[in-house]
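Hydrogens, waters and symmetry mates are skipped; everything else that's a heavy atom, side chains included, is used. Numbers restart at 1 for each chain; the letters A, B, ... are given by sequence-line order, proteins then strands.
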Amino acid sequence: MRLTREFYERNTILVARDLLGKTLVYNDKGNIYKGRIVETEAYINAKDDGAHFNKGITDRTKIIDEAGGHIYIYTIYGMYLLFNIVAEKKGIHGAALIRAIEPIEGIDKMYENRYKKEFNNPPRKEIINLTNGPAKFVMAYGMTKSDYGLDLVTSEKIWVEDSPRLSLDKIVRSKRINIDYATMAKDYLLRFYIKDNPFVSKK
DNA sequence: CTGATGATGTTCT
DNA sequence: GAACATCATCAGA
């Protein structure tokens, strides 16, 4: 069953944590991609100088103002896309960055998207490298900037399947990655990942 | 295995 | 004009 609005319209940190273990489904013109979310980060509000929308809403970040469940996808370093899920009720700002996924379905297609070559008994290392980073899984799924603003609650193209909640001893909480530009919020423990999962981007 | 470096262009000042 | 929620590649150990 797909997650409903109630799931996303909660506290951003809880949304980020509870997304672990859920299945992100993407239907790109009949090609089905499924993967288990294994790593997330929360970006919160005025107290978080690591968040893009910390100093107010711009063209890039305007979707953050919408209800939880919308997609915030943006370009970074000129060449990569990062995928976020908006959290909180409309008017409250927060988002969860998906940092890594474990492939479940459509692996051969993900492989072609990432490496531009045919899937033929590849080494384990190449499989891990498909989706163990925030820009990597977006490339593997074949997402584009036109997915900006889609609604995970109603879209026919993309949604998140529910699954039993993980026990808390399987979840690790740590500092976020590569936000050295932040000062006050740099050391907030807003990153979550599944313990011992090989697709997590970093220890 | 680790750490350093270049790629590349949108967004914001 | 600078910064940037990253990745692939290469050098060195």
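Within residues 129-142 of chain A, the residues that have a heavy atom under 4.0 Å from DNA chain C are, in order of number, A:Asn129, A:Gly133, A:Pro134, A:Ala135, A:Lys136. Non-hydrogen atoms lying under 4.0 Å from DNA chain B are contributed by A:Tyr77, A:Gly78, A:Met79, all within residues 66-103 of chain A. Listed by residue number, the members of residues 173-189 of chain A with any heavy atom below 4.0 angstrom from DNA chain C are A:Asn178, A:Ile179, A:Tyr181.
Consecutive Watson-Crick or G-U pairs involving DNA chain C, each under 3.5 Å on both distances, make up stems of three or more pairs at B:1-7 with C:6-12, B:9-12 with C:1-4.
A:Tyr115 is listed as a side-chain neighbour of A:Asn129, based on a closest heavy-atom distance under 4.5 Å. Residues A:Phe83 and A:Leu24 form a side-chain contact, since some pair of their non-hydrogen atoms from C-beta on lies under 4.5 Å apart. Looking at A:Asp28 and A:Tyr33, their side chains come closer than 4.5 Å, going by heavy atoms from C-beta outward. Annotation: side chain of A:Glu102 is in contact with side chain of A:Asn197 (closest heavy-atom distance under 4.5 Å). In this structure the side chain of A:Leu130 reaches within 4.5 angstrom of the side chain of A:Ile107, judged on heavy atoms. For the pair A:Tyr72/A:Thr61, a side-chain contact is recorded, criterion being any heavy-atom separation below 4.5 Å from C-beta on.
Using a distance-only test at 3.5 Å, with no hydrogens or angles considered, a donor-acceptor pair links the side chain of A:Asn113 to the main chain of A:Ala140. When atom types are taken as modelled, the side chain of A:Thr75 and the backbone of A:Gly78 share no donor-acceptor pair closer than 3.5 angstrom.
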(message) The test is side-chain hydrogen bond (donor to acceptor under 3.5 Å, both in side chains); show your working for A:Asp49 and A:Thr183 and say whether it passes.
(response) CA-CA 7 Å; A:Asp49 57 2; A:Thr183 55; 2.6 Å; yes
(request) Check the pair A:Ile44, A:Leu190 against side-chain contact (heavy atoms from CB on, under 4.5 Å), reporting the backbone distance first and the verdict last. (result) CA-CA 9 Å; A:Ile44 45 182; A:Leu190 295 178; 4.0 Å; yes
(request) Please step through ring pair (Phe, Tyr, Trp, His ring centres under 6.0 Å) for the pair A:Tyr74 and A:His52, ending with a clear verdict. (result) CA-CA 11 Å; A:Tyr74 69 93; A:His52 289 158; 4.7 Å; yes
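As rounded to whole Å, 18 Å separates atom P of B:dT11 from atom NZ of A:Lys55.
The closest side-chain donor-acceptor pair between A:Tyr26 and A:Asp147 falls under 3.5 angstrom.
Nearest heavy atoms, A:Gly149 versus A:Ile63: CA-CD1, 3.7 Å.
Nucleotides of DNA chain C with any atom under 4.0 Å from a heavy atom of chain A span, from 5' to 3', C:dC4 to C:dA8.
For residues 72-99 of chain A, the salt bridge (charged side-chain N to carboxylate O under 4.0 Å, His left out) pairs, not counting sequence neighbours, are A:Glu9-A:Lys89, A:Glu39-A:Arg99, A:Glu41-A:Arg99, A:Glu66-A:Lys90.
Within a 6.0 Å sphere centred on CZ of A:Arg165, other residues, nucleotides and ligands contribute 12 heavy atoms or fewer.
Across all strands, A:Arg114 comes closer than 4.0 Å only to sugar-phosphate atoms, never to a base (heavy-atom distances).
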